[in-house]
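Note: hydrogens, waters and symmetry copies are ignored here, and every other heavy atom, side chains too, is used. A, B, ... follow the sequence lines: proteins, then strands. Residue 1 opens every chain. All values derive from a computational prediction rather than experimental measurement.
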Amino acid sequence: MSVRIIDNTPLLIAKVKANGSLAIKRATDDVVRISRPITPKGATNFLRDNVKKQVLGLMGKIVWSVVYAQYQERGMRRDGSRKVRRYSTGGTGKAFAENSVREVTKNKSKYLKGLLK
Amino acid sequence: MNISKSFADFLETLLGATLGQDLFIGNAPSSNKVQDSIWWMVATGGSRITDAVTGESVKEYSIEVYRRARDYKTVYNDLQSLEVTLNCTECVELEGFDTIDIRASVLSIDNDLDDEDRKVGLLQSTIDVYEDCIDVS
């Protein structure tokens with residue numbers, strides 16, 4: 001008796017890569033959306049408006065491309081000095097990037113919704 | 001001859017690119033050193049997936065090819081064209097390697113983080129080659 005083996009592994013791998021990339025794109029879009037209202041805002045929206053995102057394959061990156069972004073994220077200088085004590089816009093504060101990513105990763109399964117077929 | 005150099009030579013012929021000018025291995029040079037429209041590739045792998053009793057093996061490599069240009073259409077068309085070629089195993093000849101199978105897929109095209117007016121696209125390929133002991137110099 002002869003048998004025929006069909007190996008769908010390459011198809012599965014290709015599907016995982018394509019759908020995984022889409023899921024990461026959805027997630028990065030949400031990180032940016034969630035971060036906006038909690039990103040510190042002064043007289044302008046400069047920090048909020050200068051966020052860039054990129055998804056290539058299974059790697060997603062989000063960059064706040066403003067010189068003082070890391071200071072606002074940390075809420076202080078790298079050496080611990082100059083702590084931000086008062087935020088002029090209610091609801092904003094430090095760790096806006098970290099908190100947004102944390103919020104998204106809590107619900108990571110929803111970004112795969114509809115893609116696992 | 002290692003897989004990176006061999007694949008880069010193949011891309012040079014296929015794309016009409018020049019290694020070191022608009023085709024790079026490993027990463028893209030900083031923007032003030034090269035033009036906007038470039039290719040670069042990153043090769044990983046070398047995993048043995050099949051061993052022959054003679055000591056030879058089939059090895060798998062992953063190669064990512066990135067395309068950067070000012071407009072989306074150029075990036076998309078170039079990557080789709082490359083994908084069609086790479087998914088035809090008979091069309092791929094890598095010097096120093098006996099290619100058994102090659103599979104490629106074009107993934108996302110997105111903004112270049114270093115320049116909002118540029119686009120970057122990615123093609124991922126998996127290459128299975130028949131190998132004995134090779135000189136990687």
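Hydrophobic clustering, with ILVMFWY side chains joined whenever heavy atoms are under 4.5 angstrom apart, groups A:Val51 together with A:Val101. Note: the hydrophobic cluster containing B:Phe7 does not contain B:Val42 (ILVMFWY, side chain heavy atoms under 4.5 Å, direct or indirect links). A chain of hydrophobic side-chain contacts below 4.5 Å, direct or via other Ile, Leu, Val, Met, Phe, Trp or Tyr residues, connects B:Ile102 to B:Val129.
When all heavy atoms are compared, the tightest approach of B:Leu122 to A:Leu56 is CD2-C, 3.7 Å. Between B:Ser108 and A:Gly57, the shortest heavy-atom contact is OG-N, 3.0 Å.
By the 4.5 Å heavy-atom criterion applied to side chains, A:Lys61 and B:Leu113 are counted as neighbours.
Only the side chain of A:Val63 comes within contact range of chain B, with at least one heavy atom under 4.5 Å from a heavy atom of that chain.
Summarising the local packing, CZ of A:Arg82 is surrounded by 12 or fewer heavy atoms from other residues, nucleotides or ligands at distances under 6.0 Å. Counting heavy atoms of neighbouring residues, nucleotides and ligands inside a 6.0 Å radius, atom CD of B:Glu93 does not exceed 12 of them.
For the set B:Asp110, B:Ile109, B:Leu107, the entry with the most heavy-atom pairs within less than 4.5 Å of chain A is B:Asp110.
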